[in-house]
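The structure under discussion appears below in the form of structure tokens.
Along the sequence shown, the residues carry numbers beginning at 1.
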Amino acid sequence: MKKYVILDLDDTLLDFTRGEIEGVTTLLAEHGVTDTARGLQVYQTINTAIWQQIEQGAPREPLLNTRFAKAFGALGISVDGAALERRYHAMLDHNFYVLPGAQDFLDTLQKGQLTLVGGTNGTKTIQLNRLEGSGIAGYFDRLFISQDLGVDKPDPAFFNAIFAAYSDMTAASTIMVGDHLASDIQGALNGHLDSIWYNPHHDINFEGIQPTYEVDSYAAAEHVLLDD
């Protein structure tokens, strides 16, 4: 059985997608966009491309400050991208949605004597506020946030920082759990770690990034982590 579990946050434990949709929908409405579905699709396409660049090592803040300007520009609306980014951050600060079953999952792992480590790509203040507001911060021994570390998953340096914090942590004693193949699972591969791909929606793996395990429920993840 593993000793350390590195857990992604967004869409693995916290319902980031719900908060994202609410926040972007609000911004679209404030700027007169009536076709919300199209607006969300345009934003998500642009946002995905930007995060791919960030995960490949491109500077975070300059890129994030362009995503709303690009999205609204594609919809024919001129906006101050940096200002909308700040407003969006303020909304995300209050996105306290936890995925159904996530707290019970954390409770079970903690009772199983596993050391839980948070490992997330994101903005420090947003992630800290969301963890506290959602009530799950206390389950984590430590939290590692990409903005704080200066590197994003899947960069090996992200995982090196975690290993540096624990004198007895080894690749054999550690596993990564996350929903995102390109950051969580590829990051685990780069760090020579076993991984669990949390895939409750049964997404097809088009990326050729192979996790050690694939699960579609917290119960299945518990089986891997506690019965191994």
Contact between [X] and [Y] at the side-chain level, heavy atoms closer than 4.5 Å - yes or no?
| X | Y | result |
| --- | --- | --- |
| Ile50 | Thr66 | yes |
| Ile175 | Tyr4 | no |
| Leu149 | Phe144 | yes |
| Phe105 | Leu99 | no |
| Ile54 | Asn121 | no |
| Leu84 | Tyr88 | no |
| Phe140 | Val117 | no |
| Met91 | Leu27 | yes |

Can you sort out the partners of [X] under side chain to side chain contact (heavy atoms under 4.5 Å, CB included), two or more places apart, ordered by chain and number?
| X | value |
| --- | --- |
| Ala58 | Gln53, Leu63 |
| Lys3 | Asp168, Ser173 |
| Ala82 | Asn65, Asp80, Arg86 |

| field | Heavy-atom neighbours of His202 NE2 exceed 12 at 6.0 Å | value |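 It does: His202 NE2 has more than 12 such atoms within range.
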| Side chains of His223 and Asp227: is there a donor and an acceptor less than 3.5 Å apart? | yes
| query | Just checking, is any N or O donor in the side chain of Glu22 or Tyr97 under 3.5 Å from an acceptor N or O on the other one? | reply | yes
State plainly whether one hydrophobic cluster holds both [X] and [Y], where clusters connect Ile, Leu, Val, Met, Phe, Trp and Tyr through side-chain heavy atoms under 4.5 angstrom apart.
| X | Y | value |
| --- | --- | --- |
| Met169 | Met176 | yes |
| Leu226 | Val177 | yes |
| Leu109 | Leu9 | yes |
| Leu7 | Tyr166 | no |
| Leu92 | Leu131 | no |

Do the side chain of [X] and the main chain of [Y] share a donor and acceptor less than 3.5 angstrom apart?
| X | Y | result |
| --- | --- | --- |
| Asn129 | Thr125 | yes |
| Arg130 | Phe96 | no |
| Lys2 | Ala172 | yes |
| Lys153 | Gly119 | yes |
| Ser195 | Ala188 | no |
| Gln186 | Leu181 | no |

| query | Nearest heavy-atom pair of Gly112 and Met1: which atoms, and what distance? | reply | O-CE, 3.8 Å
| Minimum heavy-atom distance Pro156-Asn190, with the two atoms named |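 Result for this residue pair: CG-CB, 3.9 Å.
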Partner set under salt bridge (charged side-chain N to carboxylate O under 4.0 Å, His left out) for [X], not counting sequence neighbours:
| X | result |
| --- | --- |
| Asp104 | none |
| Arg142 | none |
| Glu30 | Arg87 |
| Asp107 | Lys111 |

Could you state the interatomic distance from [atom1] ([X]) to [atom2] ([Y]), rounded to the nearest 0.5 Å?
| X | Y | atom1 | atom2 | answer |
| --- | --- | --- | --- | --- |
| Ser183 | Trp51 | OG | CH2 | 9.0 Å |
| Arg60 | Glu55 | CZ | CD | 9.5 Å |
| Asp148 | Leu143 | CG | CG | 8.5 Å |
| Leu75 | Leu28 | CG | CG | 7.0 Å |
| Leu193 | Thr170 | CG | OG1 | 9.0 Å |
| Thr26 | Ile21 | OG1 | CD1 | 11.5 Å |

| request: Could you walk me through whether Gln127 and Thr120 pass side chain to side chain donor-acceptor pair (under 3.5 Å), step by step? | output: CA-CA 8 Å; Gln127 299 298 63; Thr120 178; 2.8 Å; yes
| request: For the pair Thr48 and Gln52, evaluate side-chain contact (heavy atoms from CB on, under 4.5 Å) and give the outcome as yes or no after the intermediate values. | output: CA-CA 6 Å; Thr48 296; Gln52 286 174 344; 3.9 Å; yes
| request: Kindly indicate, with the supporting measurements, whether the criterion side-chain contact (heavy atoms from CB on, under 4.5 Å) is fulfilled by Tyr139 and Gln103. | output: CA-CA 9 Å; Tyr139 288 101; Gln103 188 157 352; 3.5 Å; yes
| request: Please step through side-chain contact (heavy atoms from CB on, under 4.5 Å) for the pair Asn199 and Val215, ending with a clear verdict. | output: CA-CA 6 Å; Asn199 184 23; Val215 301; over 6 Å; no
| task | For residues 197-224, pull every pair meeting salt bridge (charged side-chain N to carboxylate O under 4.0 Å, His left out), keeping only residues two or more places apart or in separate chains. | result | none
| task | Linking directly or through intermediates, with side-chain heavy atoms under 4.5 Å: list the remaining ILVMFWY members grouped with Phe206, chain and number order. | result |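 Phe206 shares its hydrophobic cluster with Ile204.
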Tell me which donor-acceptor pairs under 3.5 Å the side chains of residues 11-19 have, and how far apart each pair is, sequence neighbours excluded?
unit_1: Asp11; atom_1: OD1; unit_2: Phe16; atom_2: N; d: 3.3
unit_1: Asp11; atom_1: OD1; unit_2: Thr17; atom_2: N; d: 3.1
unit_1: Asp11; atom_1: OD1; unit_2: Thr17; atom_2: OG1; d: 3.1
unit_1: Asp11; atom_1: OD2; unit_2: Thr17; atom_2: OG1; d: 2.8
unit_1: Thr12; atom_1: OG1; unit_2: Asp8; atom_2: OD2; d: 2.8
unit_1: Thr12; atom_1: OG1; unit_2: Asp179; atom_2: N; d: 3.1
unit_1: Thr12; atom_1: OG1; unit_2: Asp179; atom_2: OD1; d: 3.0
unit_1: Asp15; atom_1: OD1; unit_2: Arg18; atom_2: N; d: 3.2

| field | ring-ring contact (aromatic ring centres under 6.0 Å, His included) involving His31 - partner list, sequence neighbours excluded | value | Phe72
Show me the donor-acceptor pairs, under 3.5 Å and distance only, between side chains in residues 37-45 and residues at least two apart or in other chains.
unit_1: Tyr43; atom_1: OH; unit_2: Arg67; atom_2: NH1; d: 3.2
unit_1: Thr45; atom_1: OG1; unit_2: Gln41; atom_2: O; d: 2.9

| task | For side-chain contact (heavy atoms from CB on, under 4.5 Å), just list the numbers for Ile136 and Leu106, CA-CA rounded to whole Å, side-chain angles, deciding distance to a tenth of an Å, and then say yes or no. | result | CA-CA 8 Å; Ile136 65 171; Leu106 292 171; 3.9 Å; yes
